[in-house]
4 protein chains.
Amino acid sequence: MKNWDQFLAPYKQAVEELKVKLKGMRGQFELDSSPSPIEFVTGRVKPIPSILDKAQQKGIPLDRLEEEMQDIAGLRLMCQFVDDIRKVVKLLRIRNDFEIVEERDYISHKKTSGYRSYHVVIRYPVQTIHGEKKILAEIQIRTLAMNFWATIEHSLNYKYKGQFPETINTRLQRAAEAAFRLDEEMSTIRHEIQEAQAFFTRKKETKQNRDNDAH
Amino acid sequence: MKNWDQFLAPYKQAVEELKVKLKGMRGQFELDSSPSPIEFVTGRVKPIPSILDKAQQKGIPLDRLEEEMQDIAGLRLMCQFVDDIRKVVKLLRIRNDFEIVEERDYISHKKTSGYRSYHVVIRYPVQTIHGEKKILAEIQIRTLAMNFWATIEHSLNYKYKGQFPETINTRLQRAAEAAFRLDEEMSTIRHEIQEAQAFFTRKKETKQNRDNDAH
Amino acid sequence: MKNWDQFLAPYKQAVEELKVKLKGMRGQFELDSSPSPIEFVTGRVKPIPSILDKAQQKGIPLDRLEEEMQDIAGLRLMCQFVDDIRKVVKLLRIRNDFEIVEERDYISHKKTSGYRSYHVVIRYPVQTIHGEKKILAEIQIRTLAMNFWATIEHSLNYKYKGQFPETINTRLQRAAEAAFRLDEEMSTIRHEIQEAQAFFTRKKETKQNRDNDAH
Amino acid sequence: MKNWDQFLAPYKQAVEELKVKLKGMRGQFELDSSPSPIEFVTGRVKPIPSILDKAQQKGIPLDRLEEEMQDIAGLRLMCQFVDDIRKVVKLLRIRNDFEIVEERDYISHKKTSGYRSYHVVIRYPVQTIHGEKKILAEIQIRTLAMNFWATIEHSLNYKYKGQFPETINTRLQRAAEAAFRLDEEMSTIRHEIQEAQAFFTRKKETKQNRDNDAH
């Protein structure tokens with residue numbers, strides 16, 4: 001039997017540290033008076049029963065969890081717009097406090113279930129009283145609509161253990177499409193407002209120039 | 001001149017306490033394995049320049065801020081679904097740790113600007129080293145789509161000081177309608193999935209009964 | 001078997017809220033530029049094995065824990081000086097957000113073990129999604145020297161299960177006396193410095209008066 | 001004039017991160033069931049007036065603050081025993097998440113004022129949205145008695161601007177000596193109890209061996 005407290009301690013520490021670090025990015029945008037691409041940051045250590053379930057399902061021996069289970073420490077970054085996801089990924093890539101091990105783009109290539117999200121798996125060095133320990137952590141980046149869909153799917157999965165009846169499956173597919181449309185619509189609004197802003201700013205500048213010429 | 005540090009201290013304390021209290025509600029739903037109507041909780045004390053702006057705009061003398069400005073302490077509760085907003089308001093009404101002074105329903109009656117949100121103004125007792133001090137605080141409850149729209153309007157307001165050019169205004173109205181449609185669509189999906197779930201559960205039960213009869 | 005998660009949830013919530021509330025008192029003294037009688041605030045929910053041990057030892061049936069075990073939720077306030085303890089107790093007595101059920105003064109009347117501390121047992125109303133729930137909590141107020149001694153005794157107790165060998169017992173008694181002397185010495189220094197300050201302030205004032213008279 | 005918000009932002013971020021990191025060390029000792037050499041962790045960013053005062057006093061031009069003022073970000077680790085200070089310093093030295101720039105041992109070589117403490121100046125990399133920024137931070141490690149004395153001196157300094165009248169100065173020297181004696185006494189008690197424990201353990205083992213031999 002595993003000593004779970006000892007095993008999970010560096011993961012808990014990593015989640016605490018990464019929450020403070022990633023929430024800090026939000027504050028830095030506010031200070032620049034530029035809209036933050038990150039809306040919310042959440043984090044959690046995977047509950048022990050879920051670790052055991054996943055290990056069995058994927059055939060991971062318990063003494064290989066450290067190397068083979070990537071989401072024991074999980075962080076989630078929520079964005080307003082699909083475009084923001086790329087910006088956030090770029091910000092993660094320039095950080096020096098962890099190493100990116102893998103990126104999985106379920107936005108360009110959504111899962112057959114309809115799941116969309118961008119996953120960045122990192123190797124994060126935790127400093128312990130016995131020295132440094134590198135652990136794997138997964139950062140999920142998604143819009144609020146993607147998160148909405150994933151929450152529904154997760155709770156249905158929990159109930160039906162992945163064996164959805166056909167009717168539910170159809171509804172879930174339609175929910176995925178609707179969530180996708182929401183994101184499209186959000187982007188359209190943003191672009192329209194940005195264009196209107198730019199147009200208005202140009203007109204004002206032209207008018208000022210004309211006024212100046214009149215002198 | 002006001003001693004702002006002294007004046008704002010109980011408001012800061014109230015925001016800290018209310019954040020812990022309202023986030024706690026989320027955890028209680030998780031414990032009951034029932035979906036939380038609250039997705040995120042945020043809180044802030046209004047920055048001094050915004051207090052001064054608003055006081056001037058509304059003609060509130062600085063020595064009447066305590067009684068007349070209701071949102072110096074502000075909390076925001078974000079929901080996934082429009083229906084959740086009512087549930088959250090009901091949960092606030094049964095609490096004994098503050099008194100509800102006023103409710104403003106900008107969802108049934110949205111502002112002409114397009115703003116939708118439910119505001120609950122409370123009188124919250126802060127215990128200080130000099131005795132109890134009751135302060136006003138405003139809790140805003142809204143869906144993520146309403147929050148999205150309000151964020152855009154807030155930043156445009158900040159830029160144009162409330163004087164939007166016509167083009168922007170049109171776009172903003174359309175954004176408000178789109179945000180409204182998003183919320184409708186979200187609700188439809190939720191109902192469909194709930195119905196499909198109920199239907200499937202009934203079928204399974206009927207089948208089980210038939211199987212049992214066969215024995 | 002008890003559902004511990006459900007049972008302990010309001011205690012956890014209470015500890016989180018009380019930590020924010022009591023730490024807030026510290027900040028209020030700083031704002032007044034007057035030295036805070038509270039140095040540190042810590043809090044914890046009693047671990048389940050300790051609850052079971054204590055229940056067995058004291059003959060408390062598990063379905064009577066709520067009424068009969070007072071320290072499942074525990075807060076600790078550390079002071080620099082023995083005199084500060086009275087001040088802190090007075091501050092607790094004027095608060096309206098809980099009701100004091102019992103006070104136990106192990107400072108005037110230290111335990112035979114040598115233990116010194118002031119305990120305030122409160123009934124604290126936690127607002128849950130199912131309504132209000134009043135729980136018991138214990139606030140321990142002590143100086144850093146008292147805390148030092150209690151930490152040593154606690155870890156020895158843990159090791160020897162309360163059956164100290166005679167030699168250790170003697171040492172522990174001497175440690176208790178030393179901790180007591182430390183507190184006395186601290187107080188003396190404080191009084192001396194306060195007197196010297198007052199004396200110096202008087203002299204300066206007298207001198208200023210003389211200087212003023214000369215004009 | 002400096003943009004203080006921008007300037008102080010990475011220092012604030014560093015203090016938040018380091019608080020989580022250093023508090024984590026405490027938790028790791030608890031998990032090992034071994035007494036933590038760290039009792040409390042506190043952190044703060046130096047208030048702007050104090051930065052200006054110190055800059056003037058030490059002749060640091062405001063555009064050289066980053067390189068020449070080492071304690072804008074300050075962390076403090078409090079220990080129960082003088083011996084623990086060395087242990088904590090060793091733990092800091094093995095960490096890879098910052099670089100130690102300087103160590104100042106005011107314990108072996110106390111300041112003429114009587115000040116005792118161990119200072120570790122570090123260069124800590126903060127990851128910002130504009131890339132990495134290395135800032136200086138000071139970690140002070142001291143016992144609770146040293147902290148007690150430093151608190152008194154700090155508040156007197158604040159009052160008398162470093163120009164103590166002779167009487168106060170004498171009292172402060174005596175307070176420093178008393179704080180020193182307290183630490184000595186604490187250490188003696190610890191050693192005595194450890195010896196008594198070791199002695200008792202040996203006796204028990206010998207007895208067990210004898211008992212075993214008898215079989």
Side-chain angles (χ1 to χ4, degrees), chain B residues 3-38 41 43 45 77 84 87-100 122-135 139, chain C residues 3-38 41 43 45 77 84 87-100 122-135 139:
Chain B
N3 181 338
W4 285 103
D5 278 346
Q6 288 279 358
F7 177 72
L8 293 178
Y11 293 93
K12 278 185 190 148
Q13 182 62 27
V15 167
E16 286 315 302
E17 295 181 10
L18 286 164
K19 272 205 291 191
V20 170
K21 288 174 170 215
L22 300 175
K23 281 184 183 178
M25 293 168 77
R26 224 187 103 76
Q28 288 160 30
F29 280 100
E30 272 167 31
L31 212 64
D32 287 7
S33 313
S34 79
S36 168
I38 303 169
V41 177
V45 172
L77 303 180
D84 290 338
K87 286 183 209 159
V88 173
V89 174
K90 273 183 198 152
L91 288 171
L92 295 180
R93 286 192 195 128
I94 59 169
R95 293 185 72 101
N96 298 332
D97 51 352
F98 50 69
E99 177 199 341
I100 295 183
I122 64 170
R123 186 169 285 118
Y124 181 78
V126 181
Q127 310 302 318
T128 80
I129 56 176
H130 307 299
E132 182 177 284
K133 181 157 184 56
K134 290 195 176 174
I135 60 127
I139 306 177
Chain C
N3 181 338
W4 285 104
D5 278 345
Q6 288 279 358
F7 177 72
L8 293 178
Y11 292 94
K12 277 183 191 150
Q13 183 62 27
V15 168
E16 286 314 304
E17 294 182 9
L18 287 164
K19 271 204 290 190
V20 171
K21 288 173 171 218
L22 300 175
K23 280 183 183 180
M25 293 168 77
R26 225 186 103 74
Q28 289 161 30
F29 279 100
E30 272 166 30
L31 213 62
D32 287 6
S33 312
S34 79
S36 167
I38 302 170
V41 177
V45 172
L77 304 179
D84 289 338
K87 287 184 206 158
V88 172
V89 173
K90 274 183 196 153
L91 288 171
L92 295 180
R93 286 192 195 128
I94 60 168
R95 293 184 72 101
N96 297 332
D97 51 352
F98 50 69
E99 177 200 340
I100 295 183
I122 64 171
R123 185 170 286 117
Y124 181 78
V126 181
Q127 310 301 318
T128 81
I129 56 177
H130 307 300
E132 183 177 284
K133 183 159 183 53
K134 290 195 176 173
I135 60 126
I139 306 177

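Here is the naming used below: chain letters follow the sequence lines, and residue numbers restart at 1 for every chain. Remember, it's a predicted structure, so these values are computed and weren't measured experimentally.
Residues passing the side-chain contact (heavy atoms from CB on, under 4.5 Å) test with C:S36, sequence neighbours excluded: C:R26, C:F29, C:I38. Evaluation of the salt bridge (charged side-chain N to carboxylate O under 4.0 Å, His left out) rule for B:K90 yields no partner, not counting sequence neighbours. Residues meeting the side chain to side chain donor-acceptor pair (under 3.5 Å) test with B:Q13, sequence neighbours left out: B:E17.
At a 4.5 Å heavy-atom cutoff, the contact between B:I129 and chain C is made by backbone and side-chain atoms alike.
Ranking B:T128, B:D5, B:L91 against chain C, the residue ahead of the rest is B:T128, based on heavy-atom pairs under 4.5 Å. Comparing B:E132, B:E16, B:M25, B:K12 by how many heavy-atom pairs each has under 4.5 Å with chain C, the most go to B:E132.
Proximity of B:D32 to C:H130: side-chain heavy atoms (C-beta onward) are separated by under 4.5 Å at one or more points.
Residue-level contacts of residues 92-100 of chain B with chain C, in order of numbering, are B:I94, B:R95, B:N96, B:D97; threshold 4.5 Å between heavy atoms.
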